[in-house]
Amino acid sequence: MDVLSARLAAFVLSVVAVICAATAAHAIEPIKISRDNVALDLSRAVQIYQNQGENFQVSTAPGPDGIVRRIEVEANDERSSGDWAVFALANTTDEQIDRLIVAPHFRLVNSGIFWPDLGSSRIAAITPSEGFALDRQASPDADVFLVTLNPGTVVTFIGELASPNLPQVYLWDPEAYKDSVNSYTLYRGIVIGIAGLLALFLTILFVVKGTSMFPATAALSWAVLAYISVDFGFLNKIIEISPGNEQMWRAGTEVGLAATFVVFLFAYLNLNRWHGHFSYGAFVWVCGLFLIAGVAIIDPAVAAGIARISFAATAITGLGLIVLLGIRGYDRAIMLIPSWVMVLIWLTGSWMAITGMIDNDVVQPALGGGLILIILLIGFTVMQHAFAGGALHQGLFSDMERQALAVVGSGDIVFDWDVLRDRVVTKPDISMQLGLPPNSLGGPARTWLPALHSDDRDTFRTTLDVVLEHRRGKVAQSFRLRGADGHYHWFSLRARPVVGSDGEVIRCVGTMVEVTEQKKAEERLLHDAVHDNLTGLPNRELFMNRLEAIISVARSEDKIQPTVFVIDIDRFKQVNDGLGISAGDTILLTIARRLHRLLKPKDSLSRFAGDQFALMLLSEQDPARIAGVADAIKQAIRAPINFAKREIVLTASIGLITWTNSQNTAEDMVKDAELAMHQAKRFGGDRIEPFRPAFRSVGTDRLQLESDLRRATERKEFTLAYQPIVRLEDGTVAGFEALLRWDHPRRGSIPPSDFIPVAESCGLIVQLGLFAMQRAAEDLANWQKQIGDAPLSVSVNLSSRQLIRRDLVSDVRSVIARANLKPRCFRLELTESLVMDNPEQTNHVLSKLKQLGIGLSLDDFGTGYSSLAYLTRFPFDTIKIDKSFVDDTTPKRAVLLKSMVSMAHELGLSVVAEGVADENDALELRQMGCEYVQSYMFGAPIPGDQVLRMLKEQYPLAPA
């Protein structure tokens with residue numbers, strides 16, 4: 001019976017062994033490797049067999065012949081835990097491959113929270129199914145074994161484990177592993193170096209500043225340094241740590257980090273100032289952590305788990321305290337917010353790492369670097385307290401320190417308000433700068449109020465009160481101070497409050513800079529934007545804005561009835577042609593002064609256009625008195641004007657309208673007054689015409705023209721004609737000026753002098769100008785494709801409405817880009833009168849246009865009143881001499897033309913002469929150095945298709 005039982009037992013055991021072998025053979029799948037595999041993660045391919053004892057049997061992976069073999073391995077290392085790891089590798093290449101099997105001793109990823117895996121030696125030895133046991137390579141941080149795989153072999157490896165856990169196994173190329181170790185060594189060295197410097201610096205700061213906040217910060221920095229040194233394996237290089245004690249050191253540093261974190265939070269927020277129970281709670285918490293440090297000697301995993309829970313609890317508790325104290329206005333809590341946000345981010349990343357949500361080799365050194373960043377932010381926060389106190393808190397501020405602060409601020413006047421003593425000090429003394437007696441503005445802050453402008457007093461007082469009330473923020477204010485001569489000076493104050501240890505503002509320190517010139521420049525630019533540059537009167541936009549405001553009041557106030565006069569000087573163009581534009585401007589100034597004398601405080605005068613004025617009358621409501629004002633306007637203009645020993649008598653056509661409920665807007669009212677003015681001109685001028693509804697039918701031609709203009713673009717009625725600009729040297733065409741033409745379907749060709757003013761007044765000139773630029777650029781690009789890259793350019797005239805548009809530069813850039821045209825081939829022409837309407841804005845716009853690379857031409861040169869004074873300020877590259885100088889028959893003609901050409905060349909400008917009528921004039925201009933001419937003698941404006949034929953004749957060898 002005993003023999004039968006024994007045989008049965010042996011049979012059962014053999015069956016079980018066969019089943020296990022079959023299962024193992026089926027489960028083990030070899031990992032195929034090649035020379036391109038630099039690093040392979042074998043963690044998921046390794047099979048762990050626990051509690052198998054000293055002898056272990058396992059089936060190998062199928063070899064190249066498909067046979068599964070059974071091998072037995074015996075434990076030879078005293079560190080063996082009775083646990084085994086099995087994996088297989090297959091060399092699919094025809095070359096021998098050397099690889100390193102690497103098992104890190106410690107890995108933060110997936111280490112756990114409550115009983116964390118603090119690391120140890122993982123693999124005692126590795127036995128292959130073929131050959132000898134693998135040689136261990138020297139490494140303090142991992143178990144490293146060198147394996148050589150012959151070509152076409154499949155080898156099963158049985159690892160004798162030194163601990164039950166094997167978190168990660170890698171198969172590395174030896175050179176790549178060496179490079180990886182070196183790169184991490186450099187990174188770890190840098191991080192440890194920064195951590196050491198921070199710890200040393202904060203310790204020195206603690207020696208200098210003895211308050212509790214600084215030693216707590218220094219202790220935290222040393223704890224971080226110790227943790228990183230252990231985590232990065234640096235501590236082994238300083239002291240000898242026996243195998244198996246790494247877990248104790250790691251747990252101890254984690255406990256120290258958690259304890260110093262609690263101490264820092266308590267000391268920095270000064271929690272005992274709010275309630276004594278905070279002190280007891282923090283003391284018990286820290287003492288408990290120190291007791292846990294003793295547990296680390298017995299059970300490091302338990303100590304490390306409690307330390308990790310404590311760190312998270314401290315971070316969450318600190319978040320609640322910072323929010324609570326920050327709401328109460330405690331500055332220290334507010335300043336700690338950036339650092340604590342970083343702590344919470346780091347804590348989230350650590351939790352994701354130790355729970356296995358983030359699984360890579362970069363996260364562990366990255367978390368170490370994150371700790372350094374936290375300490376760096378905390379160090380900056382603490383340094384603010386270190387260097388914001390001292391003499392500043394005690395009110396001892398020397399003149400030299402004030403001067404140093406002024407250099408750090410803005411380099412001008414130091415403003416120092418001692419709030420506790422209510423004493424203001426400025427260095428240098430601002431009273432002297434204002435011409436006041438020395439130290440007139442020293443003493444209490446209220447002594448500044450009488451010197452402040454009345455509009456700035458309340459703002460100044462309120463700003464300082466708000467800073468004192470909120471105990472934070474900055475003072476950023478501009479105000480005016482009255483000087484001894486009665487004039488006001490603008491100053492810009494930039495200051496910040498200094499908070500004492502009790503949380504109250506004790507000083508307000510900053511700098512003052514005089515910005516009078518900047519303010520004047522701003523006011524000048526603002527004035528020029530809404531005022532006429534010649535007369536200083538409001539322009540049309542400002543007049544319309546004021547009239548619209550008056551009309552809105554008139555709708556509810558019966559006593560307010562504005563009357564609008566539109567005044568146009570008769571035959572003023574003859575004055576410009578006969579005496580010159582400069583004389584015309586002088587006469588316009590005289591007329592503006594005469595009209596301004598007729599105004600009363602409520603009235604307003606504006607200059608609409610060249611010789612057109614508008615007057616808004618509010619001071620008179622009676623029709624008879626309004627008529628008297630109209631007659632006074634007429635007589636003021638008719639009064640003779642003496643100029644250059646000549647007596648000039650002018651007349652005016654005046655249209656007027658008084659507001660009624662039928663006029664809805666200011667635009668309607670002005671249009672009706674303009675209709676009345678045009679009617680006065682039709683009757684011969686020198687008359688006053690009140691508006692009558694019948695005038696609207698008289699102006700239907702203009703309205704119809706405006707309506708036709710709006711549809712002309714859609715109907716493609718506009719075309720461009722091109723007048724050649726010819727080189728005097730050889731008679732070749734250098735470029736063209738694009739001229740807008742309108743071929744009306746019923747009225748035929750309409751000259752630009754008729755439709756351009758209508759387009760200007762109704763706002764269509766911007767659309768027409770954009771059309772002209774786009775079409776001219778496209779035509780020139782097409783010509784260049786036909787004749788090759790010839791040195792040609794095209795010029796387009798610019799209107800006043802286009803010049804004041806903000807989108808002009810982007811429009812020009814878009815036109816050039818769409819046509820694929822080189823910027824140097826595209827030019828814009830501006831008349832001298834247009835440039836001088838608003839020189840500041842014109843210079844700004846032209847500079848931006850010049851940056852695009854396009855050309856700029858100044859048309860009608862010599863006809864303006866101040867062209868020479870402003871010529872060097874504007875970025876023109878070409879001037880066009882007006883034909884009136886070429887047609888001049890006086891003896892001074894040649895001297896004047898030669899002077900213009902010479903001056904232009906001295907300024908680096910090229911010259912185009914207009915209106916050349918015969919060969920003698922052309923020859924004379926060429927001898928003077930004039931480069932180009934443009935006139936009917938050298939070519940009349942022609943359509944684009946004729947231009948192409950002309951260019952093909954000039955460039956016969958150009959590609960077809």
Side-chain angles (χ1 to χ4, degrees), residues 526-527 529-532 535-569 588 591-637 652-681 685-699 702-703 760-763:
L526 181 62
H527 180 275
V530 293
H531 288 78
D532 176 55
T535 62
L537 295 174
N539 60 15
R540 185 186 184 98
E541 286 75 13
L542 183 56
F543 182 86
M544 299 296 287
N545 182 269
R546 291 178 177 177
L547 180 58
E548 194 68 51
I550 293 297
I551 290 175
S552 63
V553 176
R555 292 191 179 100
S556 58
E557 296 287 340
D558 295 336
K559 295 182 179 180
I560 296 179
Q561 267 190 321
T563 299
V564 173
F565 297 82
V566 174
I567 308 159
D568 190 270
I569 310 301
L588 287 175
I591 293 174
R593 284 194 294 267
R594 289 180 179 181
L595 295 177
H596 197 271
R597 295 192 193 103
L598 303 176
L599 300 182
K600 293 184 179 179
K602 294 181 181 181
D603 305 331
S604 178
L605 179 65
S606 170
R607 183 188 178 198
F608 269 16
D611 60 344
Q612 191 176 101
F613 295 86
L615 189 148
M616 179 172 60
L617 186 67
L618 290 174
S619 57
E620 303 293 347
Q621 306 293 327
D622 182 68
R625 290 183 175 272
I626 294 174
V629 171
D631 188 65
I633 293 173
K634 180 181 176 182
Q635 296 303 324
I637 296 174
S653 299
I654 304 173
L656 66 92
I657 184 173
T658 301
W659 181 81
T660 61
N661 290 326
S662 61
Q663 284 90 23
N664 295 323
T665 64
E667 190 71 31
D668 294 337
M669 196 171 178
V670 170
K671 281 184 177 181
D672 289 343
E674 288 177 335
L675 287 176
M677 181 269 294
H678 286 299
Q679 188 65 21
K681 277 195 173 294
D686 190 21
R687 60 186 293 131
I688 303 168
E689 283 292 337
F691 171 76
R692 291 188 291 274
F695 292 166
R696 291 198 180 108
S697 60
V698 177
R702 180 183 176 89
L703 296 176
E760 286 272 7
S761 62
C762 67

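When a residue number appears, it is its place in the shown sequence, counting from 1.
For the atom pair CE (Met669) and CZ (Phe691), the distance works out to 11.0 Å, reported to the nearest 0.5 Å. Atom OG1 of Thr563 is separated from atom CD1 of Ile626 by 3.5 Å, given to the nearest 0.5 angstrom. Note that CG of Asp568 is 9.5 Å distant from CD1 of Ile637, once rounded to the nearest 0.5 Å. Taking OG1 of Thr535 as the start and CG of Leu605 as the end, the distance is 7.5 Å to the nearest 0.5 Å. Expressed to the nearest 0.5 Å, how far CD of Gln612 lies from CE of Met677 amounts to 4.0 Å. Atom CZ of Arg555 is separated from atom CD1 of Ile560 by 12.5 Å, given to the nearest 0.5 angstrom.
The list of side-chain hydrogen bond (donor to acceptor under 3.5 Å, both in side chains) pairs with a residue in residues 613-630, not counting sequence neighbours, reads Lys600-Glu620, Asp603-Ser619.
In this structure a side-chain-to-backbone donor-acceptor pair under 3.5 Å is missing from Arg607 to Leu537. Remark: side-chain polar atoms of Glu689 are not paired, donor with acceptor, to backbone N or O of Ala676 under 3.5 angstrom.
Partner of Pro690 under the side-chain contact (heavy atoms from CB on, under 4.5 Å) criterion, out of Thr658, Ile654, Leu656: Leu656 alone. Each of Ile567, Val670, Asn539, Asp532 was checked for a side-chain contact (heavy atoms from CB on, under 4.5 Å) with Phe608, and the lone residue meeting it is Val670.
Residue Val566 comes nearest to Ala673 through the heavy atom pair CG2-CB, 3.5 Å, listed as atom of the first residue, atom of the second, then distance. Scanning both residues, Lys681 and Ser653, for their nearest heavy atoms gives CG-OG, 3.2 Å. Minimum interatomic distance between Glu548 and Ala666 (heavy atoms only, all atoms of both residues): OE1-N, 3.0 Å. Summarising the geometry of Pro538 relative to Arg546, their closest heavy-atom pair is CG-NH1, 3.5 Å, with the distance given to 0.1 Å. Residues Ser604 and Phe543 share a closest heavy-atom pair of O-CE1, 4.1 Å.
Within the 4.5 Å cutoff, side-chain heavy atoms of Ile633 are placed close to those of Leu598. At least one side-chain heavy atom of Leu615 sits under 4.5 Å from a side-chain heavy atom of Leu599. Arg594 places none of its side-chain heavy atoms less than 4.5 Å from the side chain of Ile591. No side-chain heavy atom of Trp659 sits under 4.5 Å from any side-chain heavy atom of Val564.
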